[in-house]
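Take a look at the structure below.
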Amino acid sequence: MVFHKRRWLVRRLFFNHEQIRTMSRVKRRTTHPPYWHVLKNNQRTDEKISSDNLRFVQEVIQDKYKNKSPIKGSDLDIEKTEWDPKTKRSGVIARNIGVQHMWEKDGKKVICTVLHVLDNHVIRYVPPEEYAKSVIGAKMFKNRKPLGCLVVGAEASNPERFTRQYCSLFDEVGLLPKKRLARFIVTPNAALPPCTPLTAGHFVIGQAVDVYGKTIDYGFQGVVKRWGFKGGPASHGTTKFHRRGGTIGTGRDKARVWPGQKMPGHMGSERRFNRGLKIVRINMKYNIIYVKGTVPGPTNSIVQIFDTALPRRKFTEAPPHPTYFPPEDGTLPQEDIWDSSLHVFGSPSISV
Amino acid sequence: MLRRAVLQTFRQGLAQSFFKRYAVSLTETTVTHQPIETSDEAGERTVPTQKTGDESGNTVVVAPPEFRFIYPEFLPDPAMERRNRLREKLERMDMLQRRSVIEIPEFYTGSIMAVTVADANSPNKFARFVGICIQRGGSGLRAWFILRNVVDKQGVEILYEMYCPLIQKIEVLRLERRLDESLLYLRDALPEYSTFPMDMEPERRLNNSVVPINPLKVKLRPRPWLERWERQNLQGVEDLNLPQRFYDRAEKVAKPWEKYDLMLHYRKTIPAEEQEKIFAEVHSQLQQQELKRKLRRRRGSDNEY
């Protein structure tokens with residue numbers, strides 16, 4: 001834990017002022033969604049509905065979203081697409097439910113993050129030509145060949161909390177509205193039809209994944225915590241200079257404060273990717289993935305998991321493409337799959 | 001050598017009833033396992049509590065109340081920001097798996113234990129250490145305890161993680177408690193209070209139902225000390241014989257209102273209803289493991305004759 005902090009605090013001696021000046025003008029956080037999103041949460045206060053009418057509303061909801069049978073691989077009309085090393089598969093929305101310590105076969109302790117894959121369903125697929133016309137798509141594929149986009153939703157909840165426009169996004173698929181939506185960039189051969197479930201079996205033991213999350217929100221923080229400044233002496237007569245920044249510029253050169261000068265401000269709640277994390281254990285029964293290392297964000301926050309972008313850790317063999325479907329002959333898959341490097345808890349103690 | 005004080009079994013009202021062994025067989029009823037939920041809200045959905053003696057005739061598992069002293073690491077870390085029911089449940093399943101391989105006996109701070117660990121650098125690949133448990137902590141798979149001993153006039157403390165697979169065997173040579181929950185003051189005490197022979201044999205317990213409390217009062221070395229022991233309200237230490245200004249300063253610095261702060265204690269502990277649920281979940285498996293071990297021990301002793 002202490003080592004992590006040390007790496008953060010290493011300051012570069014010569015930093016590129018040009019880069020900092022451009023980055024300091026980029027808006028890093030917003031509290032509102034983009035203008036093209038529909039209004040999501042119900043703005044109305046609790047109306048005084050009679051209990052009969054409330055029951056009627058709930059009956060209507062139940063009728064509308066009747067339980068669907070799980071989709072088998074053969075039902076879907078996916079053309080038998082081949083996997084090739086340039087394929088980009090869909091990602092998955094999960095919740096970071098905490099950290100568990102495990103041990104490797106030589107007795108070394110390993111910190112693993114437990115990620116709970118929520119009830120992901122594909123909402124729709126946007127083909128490359130259409131996606132390149134959208135705001136984000138145009139920026140992303142300015143000088144590149146466009147790729148398709150899969151809209152995936154997770155965590156179904158009561159339609160009463162959402163607006164009608166938001167629920168209409170799920171009407172085509174006939175699913176209960178999801179609390180969280182995400183877009184995953186995929187190649188056309190990895191496209192999935194709507195209503196396809198994504199589970200923990202989508203990933204392979206031993207593969208590397210990238211996890212995107214929003215870091216822990218520390219709020220308004222001073223310069224010592226935010227940038228790792230040393231502050232001033234705690235005693236020896238120091239007057240009101242214990243955790244302050246000190247000088248913010250030279251007198252002569254440029255004669256002003258440079259943009260990007262490190263000062264107190266809002267810390268945390270930023271988009272970050274932790275890349276190349278190895279999957280060491282998958283629990284198919286509870287849809288849980290154990291990943292070696294830590295993940296951005298606090299416990300119980302939502303993260304997105306992708307196949308890694310690091311070139312030397314990509315797939316060499318075909319993964320479940322385009323996604324994992326349980327075997328059709330009814331045989332249950334292995335419930336708890338462990339990586340070969342980990343010590344399984346039920347096995348005998350390690351003797352070196 | 002140290003003149004060992006006669007062990008008295010302190011009868012402390014409530015505490016004694018908690019350590020009564022097997023008295024709760026009266027409250028136990030037949031086991032009905034709750035169906036394991038496979039949906040995503042498995043962790044978030046609360047298990048419906050059913051009272052014993054329901055009209056519908058449902059039976060419910062109740063673990064003995066002493067479980068929270070014998071297996072304190074099954075209770076999760078109370079900090080609300082990091083709690084998640086599903087992860088805690090999975091961690092408990094892993095803990096039970098590990099306990100099925102190795103016996104982790106009941107012990108308290110003040111018990112003398114011997115731990116055998118696989119060590120690549122030892123001549124016979126296993127290292128055995130005997131010591132008194134001065135502190136225990138952690139929850140789940142991170143549970144740990146510290147053993148202290150004085151070897152060749154050098155005080156040695158080793159922190160062991162209870163669920164580490166390198167540990168081959170944990171034996172309790174003498175099961176007893178002391179007057180304090182943490183015996184860190186042994187670092188500033190005379191060395192004979194921390195010395196225990198490395199070839200100590202396990203002692204047989206006189207009374208199986210009550211864990212004895214050793215009322216030993218330890219003598220400390222003259223100052224300087226590692227901590228300000230006069231500020232910590234220690235029961236197991238002899239009179240410190242300090243000048244009055246130390247005690248005056250301790251009074252000024254003390255926070256006597258903390259014992260009335262209900263919310264502080266609530267935030268530091270797991271509520272009783274949740275504790276019952278947690279132990280009811282693991283109760284049957286732990287009992288089965290204990291029975292198997294007893295049978296194995298009995299068969300082993302029979303084979304000797």
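To find a chain, count down the sequence lines: A is the first, B the second, and so on, and within it residues start at 1.
- Atom CG of residue B:L141 and atom SG of residue A:C112 lie 10.5 Å apart, to the nearest 0.5 angstrom.
- At a 4.5 Å heavy-atom cutoff, the contact between B:R83 and chain A is made by backbone atoms alone.
- Atom CD1 of A:I97 and atom CZ of B:R82 lie 15.0 Å apart (nearest 0.5 Å).
- Contact annotation for B:E81: only backbone heavy atoms (N, CA, C, O) come within less than 4.5 Å of a heavy atom of chain A.
- The environment of A:R29 atom CZ is dense: over 12 non-hydrogen atoms of other residues, nucleotides or ligands sit within 6.0 angstrom.
- With contacts defined as side-chain heavy-atom distances shorter than 4.5 Å, the pair B:R87/A:T299 qualifies.
- Interface remark: A:H343 contributes side-chain atoms only to the contact with chain B (heavy atom separation under 4.5 Å).
- Contacts between B:R98 and chain A at a heavy-atom distance below 4.5 Å involve backbone atoms as well as side-chain atoms.
- Using a 4.5 Å cut-off between heavy atoms, B:I167 touches chain A through its backbone atoms (N, CA, C, O) alone.
- For B:R228, the CZ atom counts as loosely surrounded, since its 6.0 Å shell holds 12 or fewer non-hydrogen atoms of other residues, nucleotides or ligands.
- Residue A:R161 places its CZ atom among 12 or fewer non-hydrogen atoms of other residues, nucleotides or ligands, all under 6.0 Å distant.
- Interface residues of residues 123-131 of chain B toward chain A, defined by a heavy-atom distance below 4.5 Å and sorted by number: B:K125, B:F126.
- Closest of all the heavy-atom pairs between A:S351 and B:A118 is CA-CB, 4.0 Å.
- Within residues 156-165 of chain B, the residues that have a heavy atom under 4.5 Å from a heavy atom of chain A are B:E161, B:Y163, B:C164, B:P165, listed by number.
- Shown here is A:K105, whose NZ atom has more than 12 heavy atoms of other residues, nucleotides or ligands within 6.0 Å.
- Side-chain atoms of B:Q168 come within 3.5 Å of backbone atoms of A:I350 as a donor-acceptor pair (strictly under, hydrogens ignored).
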*Output, in order, the C-alpha distance, side-chain angles, deciding distance and verdict of side-chain contact (heavy atoms from CB on, under 4.5 Å) for A:S349 and B:V101.*
CA-CA 7 Å; A:S349 307; B:V101 174; 4.3 Å; yes
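- We find the CD-CG distance between A:Q100 and B:D94 to be 5.0 Å, quoted to the nearest 0.5 Å.
- Taking A:N300, A:V114, A:V344 one by one and counting their heavy-atom pairs under 4.5 Å with chain B, the maximum is reached by A:N300.
- Only the side chain of B:M93 comes within contact range of chain A, with at least one heavy atom under 4.5 Å from a heavy atom of that chain.
- Crowding of B:E181 atom CD: a count of heavy atoms from other residues, nucleotides or ligands under 6.0 Å not exceeding 12.
- Heavy atoms of A:N283 lying under 4.5 Å from chain B belong exclusively to its side chain.
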